[in-house]
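Accompanying notes for the structure given below.
Side-chain atoms are counted along with the backbone in the values below, which use heavy atoms only and exclude waters and symmetry mates.
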Amino acid sequence: MSQPMAYIHPEAKIGANVTIDAFAWIGKDVVIGDGTWIGANVTIMDGARIGKNCKIFPGAVISAIPQDLKFKGEITTAEVGDNTTVRECVTINRGTVAKGKTVVGNNCLLMAYVHVAHDAIVGNNVILGNGTQLAGEVEIDDFAILSAHVLVHQFVRIGGHVMVSGGSLVRKDVPPFVKAGHDPISYVGINSIGLRRRQFNPEEIHQIQDIFRLLYQSGYIVSKAVEVIEAEVPQSEFRDYIVNFIKNSKRGIIKGYKGRAKAEDLDI
């Protein structure tokens, strides 16, 4: 169902039971999945691929051309997965030749005024707080939570199950399973509360704690810590995820907090 004052290009592909409110603008090369709601004054431009049962709130702009000087008009996309909520005035730019697409996964929540720049890849079940800004080619793995007004430098990767404190400036990669905060941003412990909520068992959480104690509290440099982790910590999907994340980091990982951290921050 669409309001008569909405504009929908006749070649746009609109699924079943889609609601499009007044003054929304839907471009030509657009696909919108079944059951999605498009609020008033939403602009959905060429290249948008929106999944099923999404909620796009007023003022959002999806698939505008990138704010990147290397963009030369190539055909690219901005993809939003199923069951994702995009709140007021969020902007999601489409990709460039670098990756060809910008992606926001399934079951995500992008709060008001979030910006997702060209070629960013946001995983499933991610929450981006109000005013958080992702630069180009940022990668965020599943179940990460970035609080309000977090700024993420281009090419940074943020691991899964991470919690980043509000107002943080993220210039380095953030390994999986951790809490990050302070200025400059630092490791302050593992995200134990989030892991318990997601049904990680105590043995898994203890192994993750052991890995990060070796990485951040042993005095080893990062490369040596990784060697010790591989030698001393039993193999598991969690160990391999952390180790491979660190080995493949292009910007380097955040440092440990040098101040007097509280015991609960360090999960002691």
Side-chain angles (χ1 to χ4, degrees), residues 1-67 74-96 99-134 136 138-146 148 152 160 198:
M1 179 183 70
S2 61
Q3 296 292 328
M5 288 183 287
Y7 172 79
I8 304 170
H9 193 283
E11 295 184 32
K13 296 179 175 62
I14 311 297
N17 301 312
V18 171
T19 299
I20 301 174
D21 284 352
F23 306 111
W25 191 97
I26 312 295
K28 175 181 178 180
D29 181 21
V30 168
V31 178
I32 300 175
D34 298 348
T36 286
W37 170 68
I38 307 297
N41 297 296
V42 169
T43 301
I44 301 181
M45 305 179 77
D46 287 353
R49 305 287 184 265
I50 298 173
K52 299 177 181 178
N53 301 312
C54 293
K55 294 180 174 63
I56 315 295
F57 279 71
V61 180
I62 298 178
S63 201
I65 64 171
Q67 299 174 93
E74 58 267 27
I75 296 174
T76 57
T77 58
E79 303 176 10
V80 177
D82 298 339
N83 307 305
T84 284
T85 297
V86 176
R87 292 302 303 253
E88 295 84 355
C89 300
V90 167
T91 53
I92 304 173
N93 290 170
R94 60 188 175 99
T96 70
K99 286 190 174 75
K101 60 184 179 181
T102 303
V103 178
V104 175
N106 300 324
N107 307 304
C108 293
L109 170 58
L110 278 57
M111 297 186 191
Y113 293 96
V114 162
H115 175 65
V116 180
H118 65 89
D119 304 293
I121 306 295
V122 178
N124 300 321
N125 301 287
V126 170
I127 299 174
L128 302 180
N130 295 293
T132 286
Q133 310 284 289
L134 308 184
V138 165
E139 295 184 25
I140 301 180
D141 292 354
D142 296 351
F143 290 100
I145 299 176
L146 279 61
V152 185
R198 294 174 199 125

With sequence neighbours left out, the residues meeting side chain to side chain donor-acceptor pair (under 3.5 Å) with Thr76 are Arg94
Applying side chain to side chain donor-acceptor pair (under 3.5 Å), can you list everything that pairs with Glu79, at least two apart in sequence or on another chain?
Thr77
Decide yes or no for [X] and [Y]: does some side-chain heavy atom of the first lie under 4.5 Å from some side-chain heavy atom of the second?
X      : Y      : result
His9   : Val30  : no
Ile92  : Leu110 : yes
Leu134 : Val116 : yes
Val104 : Val86  : no
Arg87  : Leu109 : yes

From [atom1] ([X]) to [atom2] ([Y]), nearest 0.5 Å:
X      : Y      : atom1 : atom2 : value
Tyr7   : Thr43  : OH    : OG1   : 12.5 Å
Thr102 : Ile62  : OG1   : CD1   : 11.5 Å
Trp25  : Met45  : CH2   : CE    : 6.0 Å
Leu128 : Leu146 : CG    : CG    : 6.0 Å
Ile38  : Ile26  : CD1   : CD1   : 5.5 Å

What are the two closest non-hydrogen atoms of [X] and [Y], and how far apart are they?
X     : Y     : answer
Ala6  : Asp21 : CB-O, 3.5 Å
Gly27 : Ala12 : O-CB, 3.3 Å
Ala48 : Ser63 : N-OG, 3.3 Å
Ala24 : Gly39 : CB-O, 3.8 Å

Derivation of the side chain to side chain contact (heavy atoms under 4.5 Å, CB included) call for Asn17 and Asp34
CA-CA 6 Å; Asn17 301 312; Asp34 298 348; 5.8 Å; no
Quick one: list whatever passes ring-ring contact (aromatic ring centres under 6.0 Å, His included) with Phe23, sequence neighbours left out.
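Per chain and number, Phe23 pairs via ring-ring contact (aromatic ring centres under 6.0 Å, His included) with no residue.
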For residues 51-58, which side-chain N or O atoms pair as donor and acceptor with protein atoms under 3.5 Å away, sequence neighbours left out?
none

Kindly state each residue pair satisfying salt bridge (charged side-chain N to carboxylate O under 4.0 Å, His left out) with at least one member in residues 10-20, sequence neighbours excluded.
Glu11-Lys28
Are the side chain of Thr132 and the backbone N or O of Val114 linked by a donor-acceptor pair below 3.5 Å?
no
Listed pairs under 3.5 Å, donor-acceptor, residues 118-125 side chains, sequence neighbours left out:
{"unit_1": "His118", "atom_1": "NE2", "unit_2": "Asp68", "atom_2": "OD2", "d": "2.8"}
{"unit_1": "Asp119", "atom_1": "OD1", "unit_2": "Thr96", "atom_2": "N", "d": "3.0"}
{"unit_1": "Asp119", "atom_1": "OD1", "unit_2": "Lys99", "atom_2": "N", "d": "3.1"}
{"unit_1": "Asp119", "atom_1": "OD1", "unit_2": "Gly100", "atom_2": "N", "d": "3.4"}
{"unit_1": "Asp119", "atom_1": "OD2", "unit_2": "Thr96", "atom_2": "N", "d": "3.2"}
{"unit_1": "Asp119", "atom_1": "OD2", "unit_2": "Thr96", "atom_2": "OG1", "d": "2.6"}
{"unit_1": "Asn124", "atom_1": "OD1", "unit_2": "Asn106", "atom_2": "N", "d": "2.8"}

